[in-house]
Q: 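Would you mind keeping the following structure in view while I ask a few things?
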Amino acid sequence: MLEYLKSVKEKSSSGFFKEVYRLVAKVPRGRVATYGQIAALAGRPTAARYVGFALSSSPDGLELPYHRIVNRTGRLAPDPVFGDQSIQRKLLRREGITFLPDGRINMKKHLWK
DNA sequence: CGCGTGACGTCTC
DNA sequence: CGAGACGCCACGC
């Protein structure tokens, strides 16, 4: 699995992945986007899972704002991805993003577009 | 064409 | 609120 992802990012053969990277990079500071949203913009409304996939294999060199991508309910990515969710939360808060009492992101207020 | 793989999404218990 | 269960799908083999 990781192998093919590697080849994908090296060859940039996948238009979908490439599109995902492009879109994610466009997310402005202080805003967040959802997997499903990115997927839809990338032309694959139902391929939300793959968005996360693309991000987890983010190409070296490209500094994508992973932390701005969250799932629909405002939940952050699982701990393993950032080592600890608190890291992602810190990054987001630093950009002015607010959290709800339950630790989820205030989607209404910060959702991209 | 089928199999395996998930940073998803949404619905039950 | 936590844990499953499904359905979703691009992409390499």
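Just so we're on the same page: letters track the sequence lines, and every chain starts at 1. Atoms considered below: every heavy atom in the structure, side chains included; atoms not considered: hydrogens, waters and symmetry mates.
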Q: Quantified in whole Å, what is the P atom distance between nucleotide B:dT12 and nucleotide C:dC8?
A: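 My reading of the P atoms in B:dT12 and C:dC8 gives 16 Å.
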
Q: Would you compute the distance between atom CG of A:Leu55 and atom CD1 of A:Ile38 and round it to the nearest 0.5 angstrom?
A: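 Interatomic distance, A:Leu55 CG to A:Ile38 CD1, rounded to 0.5 Å: 8.0 Å.
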
Q: Figure out the CG/P separation between A:Leu100 and C:dC1, and round it to whole Å.
A: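 Taking CG of A:Leu100 and P of C:dC1, I get 12 Å after rounding.
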
Q: Drop me the distance from A:Ile69's CD1 to A:Gln37's CD, to the nearest 0.5 angstrom.
A: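 Taking CD1 in A:Ile69 and CD in A:Gln37, the distance rounds to 8.0 Å.
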
Q: Whole angstrom is fine here: how far is it from CZ in A:Phe53 over to P in B:dA7?
A: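 It is 7 Å, rounded to the nearest whole Å.
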
Q: Expressed in angstrom and rounded to an integer, what is the separation of A:Asp102 atom CG from C:dC1 atom C1'?
A: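 My rounded result for the distance is 11 Å.
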
Q: Generate the contact string for nucleotides 8-13 of chain B. Rules: B means base contact, S means sugar-phosphate contact only, - means no protein heavy atom under 4.0 Å.
A: BSS---

Q: Could you grab the distance from atom CD1 of A:Ile105 to atom NE2 of A:His110, nearest 0.5 Å is fine?
A: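 Going from CD1 on A:Ile105 over to NE2 on A:His110, the span is 8.0 Å.
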
Q: Checking side-chain contact (heavy atoms from CB on, under 4.5 Å) for the pair A:Phe53/A:Val20: CA distance, chi angles, key distance, verdict?
A: CA-CA 10 Å; A:Phe53 229 5; A:Val20 170; over 6 Å; no

Q: Salt bridge or not between A:Glu95 and A:Arg68? Use side-chain N to carboxylate O under 4.0 Å.
A: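 Answer for the salt bridge query: yes.
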
Q: Can you label the angle between the A:Tyr50 ring and the A:Phe17 ring as parallel, tilted or perpendicular, going by 30° and 60°?
A: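 Because their plane-to-plane angle is over 60°, the rings of A:Tyr50 and A:Phe17 count as perpendicular.
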
Q: Check the pair A:Val70, A:Met107 against side-chain contact (heavy atoms from CB on, under 4.5 Å), reporting the backbone distance first and the verdict last.
A: CA-CA 9 Å; A:Val70 295; A:Met107 299 302 279; 3.9 Å; yes

Q: Anything below 3.5 Å on both distances counts as a pair; with that, list the stems of at least three consecutive Watson-Crick or G-U pairs involving DNA chain B.
A: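 Detected stem regions: B:2-6 with C:9-13, B:8-13 with C:2-7.
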
Q: Whole-Å distance between C:dC1 P and A:Arg75 CZ?
A: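 From A:Arg75 CZ to C:dC1 P: 11 Å.
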
Q: In whole Å, I'd like the distance from the CG atom of A:Leu92 to the C1' atom of B:dA7.
A: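 Atom-to-atom, A:Leu92 to B:dA7, this comes out as 13 Å.
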
Q: To the nearest 0.5 Å, tell me how far A:Gln85 CD sits from A:Arg75 CZ.
A: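 Between atom CD of A:Gln85 and atom CZ of A:Arg75 there are 4.5 Å.
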
Q: Send over the distance from A:Arg68 CZ to B:dA7 C1', rounded to a whole Å.
A: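 Rounded to whole Å, this separation is 16 Å.
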
Q: Give the rounded distance in Å between these two atoms: CG of A:Asp84 and C1' of B:dA7.
A: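 So the CG-C1' distance, A:Asp84 to B:dA7, works out to 15 Å.
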
Q: What is the distance, rounded to the nearest whole Å, between atom CD1 of A:Ile38 and atom C1' of C:dA10?
A: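 So the two atoms are 17 Å apart, to the nearest Å.
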
Q: Of the nucleotides C:dA10, C:dC8, B:dA7, which has the atom closest to the A:Ser56 side chain?
A: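 Nearest to the side-chain atoms of A:Ser56, counting from C-beta on, is B:dA7.
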
Q: How many angstroms lie between CZ in A:Phe82 and CD in A:Gln88, if you round to the nearest 0.5 Å?
A: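 The distance works out to 4.0 Å.
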
